[in-house]
Amino acid sequence: MGTIETWVKKHSLLYTGATNHPFIHSVRDGTIDLSSFKRWLGQDYIFVRAFVPFVASVLLKVWKESDESSDMEVILGGMAALNDELAWFKKEASKRGVSLSDIVPHKANIRYCSFLESLTSTEVEYTVAVTAFWAIEAVYQDSFAHCLEEDSKTPAELKETCERWGNEAFGQYCRSLREIANRSLEKAPDGVVSKAEIVFLRVLEHEVEFWNMSRGET
Ligand SMILES: Cc1ncc(CN)c(N)n1
């Protein structure tokens, strides 16, 4: 078992809080109201726009700090997928009558985006940044995969959204990121491993806050 799997077990309450959130339950059981979905859609578009420069910073770190050449391809693939993701948000928003240019970022989103920006610093080690990257993607993969389970009652019009992150290829990509993070953690000094664990926990907290915000609770 790698370090990441150990942390997921150790912090299972928080991990489950982020990946089995009531927002996701409401998608999975079909009780979600359209206003929550639209709020999530607009806010997540803003988040993804901030996520792109974060991933760019991870690319820079992989080039400078990683000794494994295949790491770059995986991260570059993730970056390319974000291009499609932004186009998807625009298409989905126009379909649902959400004007993305009028979205005001919510406080929880601003806090999460600032946290992402803090991780772009050159002072943040590759190991720490790639652990955060894995965690951010893994929360969406695990969450939306629940909405595609056989007994789920996800409404037909939300299936495409769930498939975007819940599909098997995205699952494989998250496993590749986890392997990269695990390998990097194995070689890292104790101080960096501790920092990565803290950043992992912060990601989970921000994800919970993001779902809460999407439900209109904050
Ligand atoms: C808040 C959040 N977390 C993660 C993801 C997956 N890229 C996302 N789109 N938005």
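Counting convention: from 1, in listed order, for ligands and their atoms alike. Values below: every heavy atom of this structure, side chains too, minus hydrogens, waters and symmetry copies.
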List ligand 1 atoms under 4.0 Å from F51, heavy atoms only on the residue side.
7 (N)
Inter- and intrachain pairs under ring-ring contact (aromatic ring centres under 6.0 Å, His included), touching residues 57-80, at least two apart
none
Does CD in E117 sit with more than 12 non-hydrogen atoms of other residues, nucleotides or ligands closer than 6.0 Å?
no
If you measure from each heavy atom of Q43 to ligand 1, is any distance below 4.0 Å?
no
Protein heavy-atom partner closest to atom 8 (C) of ligand 1 - residue, atom, separation in Å:
Y140 CE2, 3.2 Å
On the 0 to 90° scale, with breaks at 30° and 60°, tag the F144-Y140 ring pair as parallel, tilted or perpendicular.
perpendicular
Under 3.5 Å between some N or O of ligand 1 and some N or O of E137?
yes
Among all protein heavy atoms in this structure, tell me which lies nearest to atom 3 (N) of ligand 1, with the distance rounded to 0.1 Å.
E207 OE2, 2.7 Å
Once you measure the plane-to-plane angle for W211 and F23, does it fall in the parallel (<30°), tilted (30-60°) or perpendicular (>60°) bin?
parallel
What atoms of ligand 1 come within less than 4.0 Å of a heavy atom belonging to I136?
3 (N), 4 (C)
Does atom CZ (R49) have a neighbourhood of more than 12 heavy atoms from anything else shown, all under 6.0 Å?
no
Could you tell me if any non-hydrogen atom of V48 lies under 4.0 Å from any atom of ligand 1?
yes
Of all the non-hydrogen atoms in the protein, which one sits nearest to atom 9 (N) of ligand 1, and at what distance?
D44 OD2, 3.0 Å
Examine W134 together with W7 and report whether their ring centres are nearer than 6.0 Å.
no
